[in-house]
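This report refers to the structure that appears directly beneath it.
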There are 2 protein chains.
Amino acid sequence: MTEADDTKRKLLEAAGAMFARDGFRAATVRGICSEAGANVAAVKYHFGDKLGLYRAVFRHAFTFAPPPRAPRTGAPVAERLRDWVADFLGSILDLGRPAWHARLMAREMTDPSEVLDEMVATHIRPRFAEMAAIVGELLPGGPPAAIRRAASSVVAQCVFYHHARPVITRLHPAWKFTADEVAAIAEHVAVFSLAGLRASAAAIRSAR
Amino acid sequence: MTEADDTKRKLLEAAGAMFARDGFRAATVRGICSEAGANVAAVKYHFGDKLGLYRAVFRHAFTFAPPPRAPRTGAPVAERLRDWVADFLGSILDLGRPAWHARLMAREMTDPSEVLDEMVATHIRPRFAEMAAIVGELLPGGPPAAIRRAASSVVAQCVFYHHARPVITRLHPAWKFTADEVAAIAEHVAVFSLAGLRASAAAIRSAR
DNA sequence: GAAGCATTCAAACACGTGTTTGAATGCAAG
DNA sequence: CTTGCATTCAAACACGTGTTTGAATGCTTC
């Protein structure tokens, strides 16, 4: 039993890396099984088929992903925004764990499958709602559309460093994302965004 | 001769749509040829092989893509930034032609191939340089790293609406990108960014 | 030890893929 | 008309793929 669970786990890990690196279609069952030291038939036995394995990989990966840091509820809005950005950027730029979590997500982005719905519902929506709440405090009385746009601006500056990686690498080969640099980026995004949000608030007031 | 050029053109267009929708690997030569009303062997004859067709599609697509609007050289920085954002957002959110240009690009992003290098050199780098120049004027004396980060913040807010589309659709099903909404987004991004850049400039001054 | 069960294994199957072939076609020049 | 050339075509080839099979293995329980 523990042995069966072992091949199951190895299969999930190997599949995670493979699916992230090559995509669902390009990744081969044979390659995954060989990497996991398992027989090809193992995926049928444990997961039904290739798609079942893919689904399982997602659930497995994001179940064990570290939950976002709990927000400091007492702190002023600006501080909470700083924390959110730093936390989110950290989770996006490798600094944590198996680097392929983010890649899997990115693939779902350009090639959405049924799992994206699940992902949005369980992980993305709550996260976005946090930011929208912070933005809402900074744009008091702002219409929902304005809040959506403003929250998007903050989130966009973070995810950019993930999804545009291939271009960034080619554009600025020397730009390395060390822990220090990530901290500097987080600080920049926070300063930039707080000022931007204040300006948006002013624009909303004057438009009224 | 005109007939040969015709199948060649039809092949390029069908391939563009297919590659964009399904990706290089998933798109099939048979499917493309059938869509183009051509024989399977046509791709070998005209482009050598599938990869040759893919390369040709990129060159064809981006050669005929409308060039970015010429900047108003005399206008103040803030106006030039506004123009740049509006222009870039417009080119990103369908409003212009064959919607698959952007999708092809997005695919290269998560699955970079050799053509991405060409794309960065000929299209992305000049575009980014324009924005970096504008940002440079607004952050006088700012270190290159700060300018990179700031320019990234502006660009990020634009490309977000393209690459995160699948998530945005699921998060805010009612959010439609009409011409009016795109204009509103452009205005928001400009206001947000100008304020953010001023704050960054202040941060740089005070850190000195 | 025997029976039952979960798991693993090597081999094969069925199918879709990119590619190649060699003949057929049509058109322009001699 | 004939020749030469570019292009198209149906058919086949070679290969990698996900999937399935039925037997072998090992472990637990009686």
Side-chain angles (χ1 to χ4, degrees), chain A residues 1-60 100 104 107-108 110-115, chain B residues 1-60 100 104 107-108 110-115:
Chain A
M1 199 172 299
T2 83
E3 196 168 349
D5 285 354
D6 192 51
T7 72
K8 203 167 175 177
R9 187 181 49 79
K10 280 185 182 171
L11 229 33
L12 284 170
E13 286 174 12
M18 294 286 209
F19 282 140
R21 204 190 40 169
D22 304 328
F24 175 75
R25 193 137 186 166
T28 72
V29 174
R30 280 174 171 81
I32 292 169
C33 289
S34 132
E35 179 82 11
N39 187 278
V40 261
V43 12
K44 177 190 170 70
Y45 183 78
H46 288 286
F47 304 98
D49 58 3
K50 190 184 182 184
L51 185 60
L53 174 57
Y54 185 69
R55 272 192 282 256
V57 161
F58 257 84
R59 302 219 173 81
H60 177 74
W100 47 265
L104 264 186
R107 292 200 167 280
E108 275 297 315
T110 63
D111 249 321
S113 78
E114 40 173 86
V115 294
Chain B
M1 196 174 299
T2 83
E3 196 168 350
D5 284 354
D6 193 51
T7 71
K8 202 166 174 177
R9 188 181 49 78
K10 279 185 183 171
L11 229 32
L12 283 171
E13 284 174 14
M18 293 286 209
F19 282 141
R21 204 191 40 170
D22 305 328
F24 174 75
R25 194 136 185 165
T28 72
V29 173
R30 279 175 172 80
I32 292 169
C33 289
S34 134
E35 179 82 11
N39 187 279
V40 261
V43 11
K44 175 191 170 69
Y45 182 77
H46 287 286
F47 304 99
D49 58 2
K50 190 184 182 183
L51 185 60
L53 174 57
Y54 185 68
R55 272 192 282 256
V57 160
F58 257 85
R59 301 221 175 79
H60 177 74
W100 47 266
L104 263 186
R107 292 201 168 277
E108 275 296 314
T110 64
D111 249 322
S113 79
E114 41 174 88
V115 294

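Note that the coordinates shown come from a computational prediction; the quantities given were computed from them, not determined experimentally. Computed over heavy atoms, backbone and side chain alike; hydrogens, waters and symmetry mates excluded. Letters A, B, ... mirror the listed sequences (proteins, then strands); counts begin at 1.
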Distance in angstrom units between [X] [atom1] and [N] [atom2], rounded:
{"X": "I32(B)", "N": "dT19(C)", "atom1": "CD1", "atom2": "P", "result": "11 Å"}
{"X": "K10(B)", "N": "dT8(D)", "atom1": "NZ", "atom2": "C1'", "result": "13 Å"}
{"X": "K44(B)", "N": "dT7(D)", "atom1": "NZ", "atom2": "P", "result": "15 Å"}
{"X": "L11(B)", "N": "dG18(C)", "atom1": "CG", "atom2": "P", "result": "13 Å"}

Measuring from T7(A):OG1 to H46(A):NE2, what's the distance to the nearest 0.5 Å?
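Rounded to the nearest 0.5 Å, the OG1-NE2 separation comes out at 3.5 Å.
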
With sequence neighbours left out, what residues match K10(A) under salt bridge (Lys or Arg N to Asp or Glu O under 4.0 Å)?
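In terms of salt bridge (Lys or Arg N to Asp or Glu O under 4.0 Å), with neighbours along the sequence ignored, K10(A) is linked to D6(A).
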
Quick one: list whatever passes side-chain contact (heavy atoms from CB on, under 4.5 Å) with [X], sequence neighbours left out.
{"X": "K44(B)", "answer": "none"}
{"X": "A17(A)", "answer": "W100(A)"}
{"X": "A15(A)", "answer": "F19(A), I32(A), L53(A), V57(A)"}

Quick one: is [N] close enough that its OP1 or OP2 comes under 4.0 Å of any side-chain N or O from [X]?
{"X": "H46(A)", "N": "dT8(C)", "answer": "yes"}
{"X": "T7(A)", "N": "dT8(C)", "answer": "yes"}
{"X": "N39(A)", "N": "dA10(C)", "answer": "yes"}

If you check the Y45(A) side chain, which of dT7(D), dA6(C), dC9(D) turns out closest?
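Between dT7(D), dA6(C), dC9(D), the one nearest the side chain of Y45(A) would be dA6(C).
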
Can you sort out the partners of S34(A) under side chain to side chain donor-acceptor pair (under 3.5 Å), two or more places apart, ordered by chain and number?
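For S34(A) there are no side chain to side chain donor-acceptor pair (under 3.5 Å) partners, ignoring immediate neighbours.
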
For T28(B), enumerate each residue passing the side chain to side chain donor-acceptor pair (under 3.5 Å) test, keeping only those at least two apart in sequence or located in another chain.
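Result, side chain to side chain donor-acceptor pair (under 3.5 Å) vs T28(B): none returned.
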
Under 3.5 Å, which N/O atoms of the protein pair with N/O atoms of nucleotides 12-17 of chain C?
| residue | atom | partner | partner atom | Å |
| --- | --- | --- | --- | --- |
| dA12(C) | N6 | R30(A) | NH2 | 3.4 |

Test ring-ring contact (aromatic ring centres under 6.0 Å, His included) applied to F47(B) - qualifying residues, sequence neighbours left out
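ring-ring contact (aromatic ring centres under 6.0 Å, His included) check on F47(B) returns nothing, list empty.
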
Applying salt bridge (Lys or Arg N to Asp or Glu O under 4.0 Å), which residue pairs with at least one partner in residues 11-38 of chain A are found, sequence neighbours left out?
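Applying salt bridge (Lys or Arg N to Asp or Glu O under 4.0 Å) to every pair that reaches into residues 11-38 of chain A, excluding sequence neighbours, yields R9(A)-E13(A).
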
Using modelled atom types and a 3.5 Å cut-off, is there a donor and acceptor pairing between side-chain atoms of R55(B) and backbone atoms of V115(B)?
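No.
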
Hey, does the side chain of E108(B) reach the backbone of S113(B) with a donor-acceptor pair shorter than 3.5 angstrom?
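Yes, because the side chain of E108(B) sits within donor-acceptor range (under 3.5 Å) of the backbone of S113(B).
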
Stretch residues 15-24 of chain B: residues that reach within less than 4.0 Å of DNA chain D through a heavy atom
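Nucleic-acid contacts, sorted: none.
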
Roughly how bent is the helix from dG1(C)-dC30(D) to dG30(C)-dC1(D) end to end, in steps of 10 degrees, with each end axis from five pairs?
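End-to-end axis angle for the helix from dG1(C)-dC30(D) to dG30(C)-dC1(D): 10°, rounded to 10°.
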
